[in-house]
Amino acid sequence: MLDINLIRQKTEYVANALRKRGIETDFSDLLYIDKQRREKILQGDKLKAFRNKVSSEIPRLKKSGQDVSAKLTEMKNTSEQIKRVDEELNKLTSKLNKILVELPNIPADDVPPGGKENNRVLRTYGDKPVFEFKPHNHVELVTKLGLVDYTRGVKMGGNGFWLYKGKGAQLEWALINYFIEEHTKDGYEFVLPPHLLINKCGYTAGQFPKFSDDVFHIEGEDGESTHFLLPTSETALINFHSNEVLKEDKLPKKYFAYTPCYRREAGSYRAAERGMIRGHQFNKVEMFQFTTPETSETALEELVGKAERLVKGLGLHHQVSALAAGDCSASMSKTLDIEVWIPSMNEYKEVSSASNALDYQARRGNIKFKRRKTGKNEFIHSLNASGLATSRLFPAILEQFQQKNGSVVVPEPLRKYMGTDVIEPVEN
RNA sequence: GGAGAGAUGGCUGAGUGGUCGAAAGCGGUGGUCUUGAAAACCAUUGAGGGGCAACCCUCCCUGGGUUCGAAUCCCAGUCUCUCCGCCA
């Protein structure tokens, strides 16, 4: 949520910033409602001040034996007026919020304008592997190696689901273990949150109301959505401290969570993404930080650095990109992606997205900290970064580390969890 | 699933129609004392909003209602806790 005061005071600045996302906003309606609303507040406050004044006089007058019936009638009238004004005020407030809630975050100054095509590659690690044989794609590899079963996955979950088995399940779990170990070493606190969240959580994260259709909803007896399956544990973690006032010296708060992520991905099927590039469920470890406003920028660098170290540790060729404004999700002011090379697709695919939401989510979730110096409560800044999502790493590992004989070399950090250095083909 | 209890400031906890935004304690902050610290003592200490300001308004789980006036009374809902039953 954007600050209405900012929109009121720097209307052009906000409009220009949102233009970078490719959004044309006309704030005249919003500002008009805002003005009306403040007038209503003033009107109501005056009436209430009057009511309070007279109400406190009444018991005194009664005690001294005076007749107060005229005042009582007058106050009844005043109270009715107040009720009417409050009703109008409520209408204006919800009108205002309805608009405000749908506005996306303002892109940071150093975020390039435009859409995907303006994403900038900041740096690249390693080189594209060169094969002296005809390399297989990951769908062929997982089948030959018996790691992932698409047919049986679909028997259970339907289209868009797969299952891991044998060494595949172990490899998947090894990745998660590797991440957990690294984050724990870095002092992040491990959280296993609920996977079903109440709708308020989606609102705080910025997922709702606009992108409510992207997630799986759970309906109650009346057919209304009561919960939803989290599309990323960010949605859970941002709510960890909702409606709390944190102590400044306890910041930054650093967490990480492991959960599967559930997404509808309606209409996003692409033949090029068959395999495990895009499914309704995938595993992800997510890092999260609550920081003071002045430290969120360096926190973002820390998160990107951490995610990058994990990919480097696996020895995968990858790049880091700065997303253009239009490619950043609505809640985020700045996003850096880490993309890993998938040889068969001839493409880099996202394995981590690190973002700074500034106070956008904090406003929605009412998350503050007490500034020691001033004693005032301020909104915290929230940041999140995948660390990492497995569903693209798995194919990348198989494809980048495949051998001529069809086996795959296990990245060093995973070997202790796998109990093997190489995954060999199996009889199916 | 059945029965009961409860929800008040950072925390504990008083308050059952009118100087209650709210006692008291703890905690926090500042100070006195001390070589320093502790203890003790003194002072101070909720949040949000409107207004240039003086100042005013709102908030005692949420939403309605009664009343001139509600933390306090009534209705609905949410959540928490305890006990019983059932189940992983």
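Both backbone and side-chain heavy atoms feed into the values below; hydrogens, waters and symmetry mates do not. Quick caveat: nothing in here was measured; it's all calculated off a predicted structure. A, B, ... follow the sequence lines: proteins, then strands. Residue 1 opens every chain.
- Phosphate proximity of B:rG69 to A:Ser79: present, with a side-chain N or O under 4.0 Å from OP1 or OP2.
- Counting only heavy atoms from C-beta on, A:Arg8 has its side chain closest to B:rG50 among B:rG50, B:rC68, B:rG64.
- For A:His280 and A:Tyr262, the ring centers sit 6.0 Å or farther from each other.
- A distance of about 25 Å separates the P atoms of B:rA22 and B:rC74, rounded to the whole Å.
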Report each atom pair, protein N/O against N/O of nucleotides 55-58 of chain B, whose distance is under 3.5 angstrom.
residue, atom, partner, partner atom, Å
B:rC57, OP1, A:Asn52, ND2, 3.1
B:rC57, O2', A:Asp45, OD1, 2.8
B:rU58, OP2, A:Asn52, ND2, 3.4

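- The stretch residues 15-51 of chain A participates, sequence neighbours left out, in no ring pair (Phe, Tyr, Trp, His ring centres under 6.0 Å) pair at all.
- For A:Pro59, the side-chain atoms get nearest to B:rG18 when compared with the rest of B:rG18, B:rG48, B:rG46.
- To the nearest whole angstrom, the two C1' atoms, one in B:rC26 and one in B:rU44, are 16 Å apart.
- Candidate nucleotides B:rU29, B:rC68, B:rG50 were compared by shortest atom distance to the side chain of A:Leu42, and B:rG50 ranks first.
- B:rG69 and B:rA14: their P atoms are spaced 30 Å apart (whole Å).
- Here A:Arg372 reaches the OP1 or OP2 of B:rU29: one of its side-chain N or O atoms lies under 4.0 Å away.
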Could you walk me through whether A:Phe179 and A:Tyr258 pass the ring-ring contact (aromatic ring centres under 6.0 Å, His included) test, one step at a time?
CA-CA 9 Å; A:Phe179 304 152; A:Tyr258 157 72; 9.9 Å; no
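- For A:Lys83, taking side-chain heavy atoms from C-beta onward, the closest of the listed nucleotides B:rG49, B:rG65, B:rA47 is B:rG65.
- With RNA chain B read from its 5' end, the first of the two nearest nucleotides for A:Glu87 and A:Thr73 is the one closest to A:Glu87.
- Residues passing the side-chain contact (heavy atoms from CB on, under 4.5 Å) test with A:Asp3, sequence neighbours excluded: A:Asn5, A:Leu6, A:Arg363.
- Under the rule for a ring pair (Phe, Tyr, Trp, His ring centres under 6.0 Å), the partners of A:Phe240 that lie at least two apart in sequence or sit in another chain are A:Tyr255.
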N/O donor to acceptor pairs below 3.5 angstrom from side-chain atoms of residues 199-207 of chain A, sequence neighbours left out:
residue, atom, partner, partner atom, Å
A:Asn199, ND2, A:Ser225, O, 3.0
A:Asn199, ND2, A:Ser225, OG, 3.3
A:Thr204, OG1, A:Lys200, O, 3.2
A:Thr204, OG1, A:Asn239, OD1, 3.2

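- Across B:rA70 and B:rU66, the matching P atoms stand 11 Å from one another, rounded to whole Å.
- Among residue pairs with one or both ends in residues 145-164 of chain A, those qualifying as salt bridge (charged side-chain N to carboxylate O under 4.0 Å, His left out) are A:Asp149-A:Arg152, A:Asp149-A:Lys165; sequence neighbours excluded.
- Take A:Glu102 and apply the side-chain contact (heavy atoms from CB on, under 4.5 Å) test, not counting sequence neighbours, and it matches A:Pro209, A:Lys210.
- Going from the C1' atom of B:rG48 to that of B:rG21 covers 13 Å, rounded to whole Å.
- The stretch residues 303-314 of chain A participates, sequence neighbours left out, in these side-chain hydrogen bond (donor to acceptor under 3.5 Å, both in side chains) pairs: A:Arg123-A:Glu308, A:His183-A:Lys306, A:Asp186-A:Lys306.
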Pairs counted as Watson-Crick or G-U wobble with both distances under 3.5 Å: what dot-bracket string results for RNA chain B, using | for bases tied to another strand?
(((((((..(((.....[.....)))((((((.......))))))(((((....))))).(((((..]....))))))))))))....
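- In this structure, A:Lys247 does not reach the B:rG28 phosphate: none of its side-chain N or O atoms is under 4.0 Å from OP1 or OP2.
- For B:rG69, the OP1/OP2 oxygens have no side-chain nitrogen or oxygen of A:Lys71 closer than 4.0 Å.
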